[in-house]
Amino acid sequence: MSTNREIHLASRPQGWPTADNFRLVETEVPTSGPGQIVVRNQFMSVDPYMRGRMNDVKSYVPPFQLGAPLDGGAVGEVVASEADGVKVGDTVLHGLGWREYALLDAKAARPVDPTIAPVSAYLSVLGMTGLTAYAGLLDVAGMKPGESVFVSAAAGSVGSLVGQIAKLKGAGHVVGSAGSAAKVERLKALGFDAAFDYHDGPVRDSLRAAAPNGIDVYFDNVGGDHLEAAISAMNLHGRAAICGMIAQYNDTEPPAAPRNLAMVIGKRLTLRGFLVSDHGNLREQFVRDVSGWLRDGKLAYDETIVDGIENAPEAFLGLLRGENLGKMLVRV
């Protein structure tokens with residue numbers, strides 16, 4: 001192949017992104033130099049945090065640049081190498097998705113073993129997604145056996161793993177919220193003790209019914225009314241791991257909720273935001289635990305796969321609309 005296709009950011013979204021914010025661009029397949037490799041991407045990830053990077057604002061990660069390819073997690077096969085220790089045919093994980101061929105320094109890629117699990121798993125259950133769930137629940141929120149846990153966006157890539165890991169680590173009661181009846185049924189099949197569709201009524205009422213004795217830990221992927229409901233339901237010394245707030249990523253006005261933050265004081269709650277990059281020290285323990293659970297059939301994971309780099313923008317928009325079950329991936 002001599003042609004490389006990549007997705008560029010054509011314009012910055014105002015509110016909800018549209019297909020017009022993206023552009024499919026053809027370039028030449030890059031050539032590797034000293035210390036570099038060229039990777040033919042097989043799968044790439046689309047993630048909620050990417051919406052924030054489309055805004056030209058200061059954040060914990062630089063914004064995407066107009067007229068340039070987007071980036072994000074990807075896994076693929078090395079097709080050219082000028083680097084010691086990396087050979088053609090190796091499978092590597094790296095951060096230059098949204099393109100068919102990626103040129104990068106070999107030190108920026110991490111080898112993975114395709115014989116242990118499908119390569120896509122290194123973008124989900126065995127990758128950043130899985131580590132986010134593991135570290136957020138056990139380290140950030142400090143869940144203890146017997147505690148009650150609530151997970152929002154629980155049928156998503158992170159949330160579905162949080163609930164299962166909570167049960168595997170001895171949680172007493174695990175509740176999940178999701179956006180459809182089918183997703184609620186999937187959560188129950190994954191071992192959640194209770195689940196509800198947040199469209200069916202106020203989240204506060206649904207959570208109270210699902211967790212009548214309150215909750216000790218909240219894993220937040222949504223923010224807004226979910227965070228407000230969780231604060232109301234929390235027991236004394238409850239903890240929340242704030243992973244994402246997808247409910248307001250596309251808002252152009254300040255959020256209406258939560259309106260009960262003063263309850264944090266009387267209940268002595270801890271609300272702690274976190275980035276998975278802060279928890280690399282847990283990677284070996286995480287891989288050991290999760291690979292064992294996968295091997296023993298104790299942990300399941302879902303993937304929603306969209307084919308073709310040209311369809312990556314629609315996959316991302318579908319993710320924001322909640323059309324995915326588990327991890328949303330693009331098969332490049």
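These numbers were taken from a predicted model, which means no experiment stands behind them.
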Show the numbers, then the answer: is there a side chain to side chain donor-acceptor pair (under 3.5 Å) between Ser148 and Asn213?
-> CA-CA 8 Å; Ser148 180; Asn213 295 319; over 6 Å; no
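- Side-chain contact annotation: Gln285 with Tyr134, donor-acceptor N/O pair under 3.5 Å present.
- Between Glu28 and Asn4 the shortest heavy-atom distance is O-CB, 3.8 Å.
- Glu77 and Arg40 are not joined by a salt bridge, as no carboxylate oxygen comes within less than 4.0 angstrom of a charged side-chain nitrogen.
- Hydrophobic clustering (ILVMFWY, side-chain heavy atoms < 4.5 Å, transitive): Leu190 and Val125 are in one cluster.
- Under the 3.5 Å distance criterion, the side-chain polar atoms of Glu82 are left unmatched by any main-chain donor or acceptor of Gln36.
- Hydrophobic clustering (side-chain heavy atoms under 4.5 Å, transitive across Ile, Leu, Val, Met, Phe, Trp, Tyr) keeps Val184 apart from Leu325.
- Partners of Phe192 under the ring pair (Phe, Tyr, Trp, His ring centres under 6.0 Å) rule, at least two apart in sequence or in another chain, do not exist in this structure.
- Between the side chains of Tyr49 and Asp47, no donor-acceptor pair is found at a separation under 3.5 Å.
- With a 4.5 Å cut-off on side-chain heavy atoms, Val306 and Glu314 do not count as touching.
- Aromatic ring pairs are classed by plane angle as parallel below 30°, tilted from 30° to 60° and perpendicular above 60°; the pair His279 and Phe274 is perpendicular.
- The shortest distance between side-chain heavy atoms of Trp98 and Pro69 does not fall below 4.5 Å.
- Counting all heavy atoms, side chain and backbone alike, Pro258 lies closest to Leu227 at CG-CD2, 3.9 Å.
- Considering only heavy atoms from C-beta on, Ser157 stays 4.5 Å or farther from Met328 through its side chain.
- Listed here is the closest heavy atom pair of Arg272 and Asp139: NH1-O, 4.0 Å.
- Considering CZ of Arg53 and CD of Gln65, their distance stands at 9.0 Å, rounded to 0.5 Å.
- Shown are Leu70, Leu24, Ile7, Val330; of these, the side-chain contact (heavy atoms from CB on, under 4.5 Å) with Pro313 is made only by Ile7.
- Two different hydrophobic clusters hold Val332 and Leu96 under the rule that ILVMFWY side chains link at heavy-atom gaps under 4.5 Å.
- Between Met50 and Phe64, the closest side-chain pair of non-hydrogen atoms falls below 4.5 Å.
- Looking only at side-chain heavy atoms (C-beta outward), Leu126 and Leu294 come within less than 4.5 Å of each other.
- A heavy-atom distance below 4.5 Å is not found between the side chains of Ile215 and Asn235.
- Donor-acceptor pairing under 3.5 Å is lacking for the side chains of Asp200 and Ser206.
- Considering CG of Asn311 and CZ of Arg331, their distance stands at 12.0 Å, rounded to 0.5 Å.
- The pair Asp216-Lys144 fails the salt-bridge criterion, with no side-chain N (NZ, NE, NH1 or NH2) lying under 4.0 Å from an Asp/Glu carboxylate O.
- Linking ILVMFWY side-chain heavy atoms closer than 4.5 Å, directly or via other members, places Val25 and Leu66 in two distinct hydrophobic clusters.
- The side-chain heavy atoms of Leu161 and Leu299, taken from C-beta on, include a pair separated by under 4.5 Å.
- Residue Ala154 comes nearest to Gly176 through the heavy atom pair CB-CA, 3.7 Å, listed as atom of the first residue, atom of the second, then distance.
- In the hydrophobic cluster analysis, where Ile, Leu, Val, Met, Phe, Trp and Tyr join through side-chain heavy atoms closer than 4.5 angstrom, Ile165 is grouped together with Leu123.
- Side-chain contact between Pro48 and Leu319 is present, with heavy atoms from C-beta onward closer than 4.5 Å.
- Minimum interatomic distance between Val149 and Ala171 (heavy atoms only, all atoms of both residues): CG2-CB, 4.2 Å.
- Within the structure, salt bridge (charged side-chain N to carboxylate O under 4.0 Å, His left out) contacts touching residues 226-250 (residues at least two apart or in different chains) are Glu147-Arg239, Arg204-Glu228, Glu228-Arg259.
- The two atoms that bring Thr91 and Val75 nearest to each other are CG2-CG2, 3.9 Å, heavy atoms only.
- Heavy atoms of other residues, nucleotides or ligands lying less than 6.0 angstrom from CG of Asp296 number more than 12.
- With hydrogens and angles disregarded, no donor-acceptor distance shorter than 3.5 Å links the side chain of Lys327 to the backbone of Thr129.
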